[in-house]
Chemist: 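Here you go, one structure.
Lettering follows sequence order; numbering is per chain, from 1. The basis for the numbers below is simple: all heavy atoms, side chains too, and nothing from hydrogens, waters or symmetry mates.
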Amino acid sequence: MFKKILIANRGEIAIRVHRACCELGVPTVAIFSEADRAALHVRVCDEAYCVGPAPSRQSYLNIDRILEVAKLTGADAIHPGYGFLSENAEFAERCAALGITFIGPNTKAIRVMGNKTTSRVAVAEMNVPLVPGMKENLRDEAHAMEWAERIGLPLMMKAAAGGGGKGMRMVTRLQDVPAAFRAAQSEGLSFFGDGSVYLERYVESPRHIEIQVLGDKHGNIIYFPERECSIQRRHQKVIEEAPSTIVDEAMRRAMGEAAVKAARSVGYDSAGTVEFIVSGKSREFFFLEMNTRLQVEHPITEMITGVDLCKEMIKSAAGDPLPFTQGDITLSGHAIECRIYAEDPDNNFLPTPGKIVGLRVPGGPWVRDESGMYEGLDVPIHYDPMLSKLVVWGSTRERAISRMLRALGEYAVKGIKTTIPFHARVIGSEAFAQGDFDTHYIDNHFRPADAARPMPHEDIALIAAAIQAFRRDKDRAQHLMGGQPNGQEHSAWKSSGRVRR
Amino acid sequence: MFKKILIANRGEIAIRVHRACCELGVPTVAIFSEADRAALHVRVCDEAYCVGPAPSRQSYLNIDRILEVAKLTGADAIHPGYGFLSENAEFAERCAALGITFIGPNTKAIRVMGNKTTSRVAVAEMNVPLVPGMKENLRDEAHAMEWAERIGLPLMMKAAAGGGGKGMRMVTRLQDVPAAFRAAQSEGLSFFGDGSVYLERYVESPRHIEIQVLGDKHGNIIYFPERECSIQRRHQKVIEEAPSTIVDEAMRRAMGEAAVKAARSVGYDSAGTVEFIVSGKSREFFFLEMNTRLQVEHPITEMITGVDLCKEMIKSAAGDPLPFTQGDITLSGHAIECRIYAEDPDNNFLPTPGKIVGLRVPGGPWVRDESGMYEGLDVPIHYDPMLSKLVVWGSTRERAISRMLRALGEYAVKGIKTTIPFHARVIGSEAFAQGDFDTHYIDNHFRPADAARPMPHEDIALIAAAIQAFRRDKDRAQHLMGGQPNGQEHSAWKSSGRVRR
Amino acid sequence: MTYIATYRDQITRIQVKETEPNRFRVALGDKEFEVDFLEPQRNILSLLIDGRSYEVDVDAVETSDNFGVMLKGDHYEIEVVEERKKKLALKMAAGASGRQDLKSPMAGNVKTILVRPGESVSAGQVLLILEAMKMQNEIKSPIDGIIGSVTAREGVTVSLGDPLCVVDPLPQ
Amino acid sequence: MTYIATYRDQITRIQVKETEPNRFRVALGDKEFEVDFLEPQRNILSLLIDGRSYEVDVDAVETSDNFGVMLKGDHYEIEVVEERKKKLALKMAAGASGRQDLKSPMAGNVKTILVRPGESVSAGQVLLILEAMKMQNEIKSPIDGIIGSVTAREGVTVSLGDPLCVVDPLPQ
């Protein structure tokens, strides 16, 4: 095992990795930007070093400085978490050059899978099904038109280096092909520095279903039961569950075996995820991309299999062979994850940075909170707005749903608005209960209905506001007369630390 | 299912029951004493009624008032939790008389198992092994001496109505028998209002191992894998784990079958626990008593089996047949529970009521916090000092131990002292790692060594105290000069809400 | 005390009386409520009303009559003003103009400013773009009008509530 | 500033200097430490010392020089007094008597009082019994001596730090 692990990340995933290291008995080194001195990962890790100013490029992406800290502290391995440097092949190589283990797959796997075109070529050679489309990039608008006619409508125009919903254009009419080509090219260039673009068939009632794989340095690769990630808002996953309501045992095995083949195509030797797009109509599945890192939603797989993926990933990087075979992986019950964001769901999901002045996290049976929050934390404006992931397990999907609703109801974050109540409404919706949704569900169906929902507790809200106004006025009056404020320790009109507009 | 459940309890178990009801979709009614208006269970339940002043006898044991609230609110069932009215047959009967379901076993089971003598008679008829001893009560000192000679030394003199370590006397010399008889008799009278006393063999290297059973109203009773509860301080359980390190598959089955027989002797039809004393030397097990309620430590059984005992207990009370058979219950991994008390482990475990001014609960994979705490809670002096139960699961015992150490390290309660660091030291001890302990371990072996432990961070503690003194003095100086305090929002010398001696 | 509460343009008259410490009688229009009140954590209220338990998170600012109330997952923005003060305010408002002071809805960086003073804009037109937490957010004009002044500066950080720009209504 | 810290009868001289905001140089005897300081929650400190991260829970009372420090599961009761003030205090203490003011170690109910003023007691003798959270706790005499006054009353609740009784040392 490693002597010391540097965690090149922040937020909840830095905490997750620290917990795994802690349980393995390996000391940890945190890095932080100047905006994150008060962050929880700085406080819980064994060591902590500032690596630069607030902007990520100067801190969490500052390879030179991070490697300096690794050398200084004697860390012999680096866990990159997700995002930031986690899929950066150059970083992995520079770690290797210094004799530091990058906790992730081999660099070839990162490079090949990091590009949509090369990854498609690689997995196609292993007979992993692809969305009908092209394996090369488009040369120009004319070429685009030619391929569009060959594949047939509806189509997706995609930037080869794209991801996270950026650099994608749906095309339903042939005459829109040239404009979509130009748009995808320019977004690819501006977001990813790469203008390569290709075309593929658009899958109807699309569901995003992915397979976790785990490999070691001895050639073993196994797969886990699928994760259903179709509840998305603007192409960003919002709620994930495992298993999927539309996958049966035979399909699970077929998808798992395809994922292992995809992983084998690059000699995969770590934790990774093979993403598929699945037609909700035909249940055909097609390779989308492979993420060569620990995924945000890995905990739901952990909950239904009892496997600590973060820990196994570290052990595998240390050279340990996998401690189980495919046959040892069994599926038990059902797990759901909600990504809690610092966003206002009733105000177009505007980010809500600010100070958390009160916090009560849900607890009790089979509730797992993966969080970087604490009472007093000032959520900075510089980074991703994800505050925590709430994960539950239940013996059945129905029980997992009722447990998630219960846990969301317990989760109290005071000072900033979060997406917690939004999650409760999605999870409580009829379509979710039926498992009847695709990746367009939130944007096209749920949100319009949600905006018009009734607000049943208006009377109580008015009473609460009026009593606080009364108490404020009484305090003021007593203050003017030189008296003492009323019995409560804090008077009601004091700011809760947040300026309201 | 019930329409509404009244929870006749407080603290963490009231929260536990509320969560189960919430997940079952059943509204809850909380009751509270005047000292508990701010308690968490009052805030989270759907309804809440005050049932009397702080002393338990006038509130949580006030049967008339509690039944009044049940009638007023239309509750059709009452969950008693543990302690208070949970094993009170009269209360169960009065519920029944009003047509309210008492969520617990039939009254006969409560009565028979509530008395050590009648319970021993009942289970002996089913051939459940008893500690060699007598099945009747002692008449007088001469009778005691006669039986002491017959059973042989060492002996335990026990009050028939006793429990929780009260009313017990170990006897190693025959001449001590009369004094022990008088002491047990008087303790039995004063604590339980019953002076009946009996004798039994003292078991060497005793371990306390218990079996959870679950019955329904259709004659089905199943058992669960054992819980090891030998880590005790002054006869009070402190840390529990499941399974036990000394129980193998054959012994597990034998104990389970004995527990089911014991339960059958009273037609048991709810969740209950059969406690055994096990010789660490011979591995013989003997019936100790049966607790006719949900046990404090039920979560560890839940974690290794995936069964929600609290929920199943409610469903069984509602008349549902058990949804599984004995063969469906499988054991997976290992679970540990630490009972977190408001006590100062470095000051003879003195109770530490007071205000919780800071709270950060552990999270992450397979960590479960069962708590009634929140930041701002004033822990009252009137009730049991248990604040929460911290429960972890791991795929192996070693992993569960490292996870519990990690979770205890994360658990930060500010304002009052708790037993959290004490638990960390017990769990981290070599004897615990080896599974090599009996019920005397804490009192006789661990505590003397613990008191002499090194305090390795004295330098850092001195630095922290000196900096706070410096900042206080600087603030004071600036205040005297009319200046502003330094940048931090709260100055260091402000009270943290607790008066120190 | 008597208050006028405004929620989503709906006006309610509320009378509050403290009958004993932590007990209030509240009349909401013609409905009356007995409230058992506690503030176990600052600005987090526990209300028992007719036996029902409510946990209410109230956000209040000293200098404002606006209360943000979070209750069972829903957020209510409520203005509560003493009755006499409200009547006065309504009189004054009758003479006021429709000038729009746009304030920043969040902390962030001003990425792009798309308008200049004197420029005509229509309702819904994007005036500037704010960036925070890797998200870009468009600030739109609430009315047809003319840009008065622009306080925001490109590349400069603003806090929640900072003025961004002013839109004057078109002359009647 | 220079302080004298007392922990378990062991005395350490500590110099503290604020080199820049939230940076301190602390000399502990002849050891020197550079401290990166933050107080993210009231009286919960985050210290970075030589790269190592420590979370320290400090309990302090305005009117006292005693600090309760909780650090990695261990509790340290430390008295920190400015050097000049400490020297003065030591001089004064030299003339003080050994009178013991027993204060309540916890909030609770006075269950039983076992001694009366004027009674001789020996070190370790139980003077009274306090009850809290269903536990009975014996308060013992720290010295051989004579009971001076008894402030506690049976059946009456006391708070942490309330005086219980006084034990005067035996005449020399």
Side-chain angles (χ1 to χ4, degrees), chain A residues 4-7 10 14-15 17-18 21-22 27-51 65-66 68-75 354-360 371-380 414-415 489-490 494 496-497, chain D residues 16-28 31-64 67-76 78 104 106-108 132-133 157-162:
Chain A
K4 196 184 274 184
I5 294 177
L6 184 147
I7 302 168
R10 64 179 300 283
I15 304 287
V17 175
H18 168 73
C21 294
C22 190
T28 55
V29 180
I31 59 166
F32 61 98
S33 77
E34 287 166 10
D36 269 345
R37 171 64 181 87
L40 195 56
H41 72 286
V42 176
R43 298 165 64 189
V44 301
C45 287
D46 300 286
E47 300 177 53
Y49 290 85
C50 184
V51 291
R65 177 70 184 128
I66 291 169
E68 242 172 56
V69 171
K71 279 188 288 182
L72 172 74
T73 56
K355 191 172 182 120
I356 293 167
V357 297
L359 180 65
R360 211 166 69 226
S371 164
M373 278 190 281
Y374 63 87
E375 190 161 321
L377 177 68
D378 215 327
V379 180
K414 183 168 174 60
E489 190 171 345
H490 304 294
K494 271 189 195 146
S496 65
Chain D
V16 181
K17 194 177 165 201
E18 191 169 17
T19 53
E20 52 184 300
N22 284 328
R23 296 294 160 103
F24 296 89
R25 184 171 299 135
V26 181
L28 209 73
K31 286 174 284 187
E32 203 163 271
F33 300 86
E34 295 289 335
V35 182
D36 179 334
F37 175 95
L38 196 76
E39 190 177 16
Q41 288 163 277
R42 189 191 290 205
N43 278 324
I44 296 181
L45 316 181
S46 165
L47 307 183
L48 299 182
I49 301 176
D50 206 15
R52 300 203 66 81
S53 180
Y54 299 94
E55 185 158 296
V56 190
D57 172 347
V58 180
D59 237 351
V61 172
E62 197 171 341
T63 53
S64 142
F67 294 83
V69 178
M70 180 62 90
L71 171 57
K72 297 198 189 278
D74 285 322
H75 189 84
Y76 303 82
I78 302 173
S104 178
M106 59 184 203
M133 290 173 154
T157 301
V158 290
S159 298
L160 180 71
D162 279 359

Chemist: Stepwise, does the side chain to side chain contact (heavy atoms under 4.5 Å, CB included) test hold for Ile44(D) with Arg43(A)?
Modeler: CA-CA 11 Å; Ile44(D) 296 181; Arg43(A) 298 165 64 189; 3.6 Å; yes
Chemist: Verify side chain to side chain contact (heavy atoms under 4.5 Å, CB included) between Tyr54(D) and Asp46(A), making sure each step is shown before the conclusion.
Modeler: CA-CA 8 Å; Tyr54(D) 299 94; Asp46(A) 300 286; over 6 Å; no
Chemist: Say whether, by atom type as modelled, one donor and one acceptor occur between the side chain of Glu55(D) and the main chain of Val44(A) under 3.5 angstrom.
Modeler: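 No, Glu55(D) side chain to Val44(A) backbone: no donor-acceptor pair under 3.5 Å.
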Chemist: How close do Val42(A) and Ser53(D) get, counting heavy atoms only, and between which atoms?
Modeler: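 Heavy-atom minimum between the residues: O-OG, 2.7 Å.
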Chemist: Do the side chain of Arg37(A) and the main chain of Asp36(D) share a donor and acceptor less than 3.5 angstrom apart?
Modeler: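 Checking the backbone N and O of Asp36(D) against the side chain of Arg37(A), a donor-acceptor pair under 3.5 Å is found.
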Chemist: What closest approach, in Å, do Tyr374(A) and Pro40(D) show between heavy atoms, and which atom pair accounts for it?
Modeler: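 Tyr374(A) and Pro40(D) have their closest heavy atoms at OH-CB, 3.4 Å.
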Chemist: Considering non-hydrogen atoms only, spot the tightest contact between Tyr49(A) and Asp50(D) and give its length.
Modeler: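 In this case the closest contact between Tyr49(A) and Asp50(D) is OH-O, 3.7 Å.
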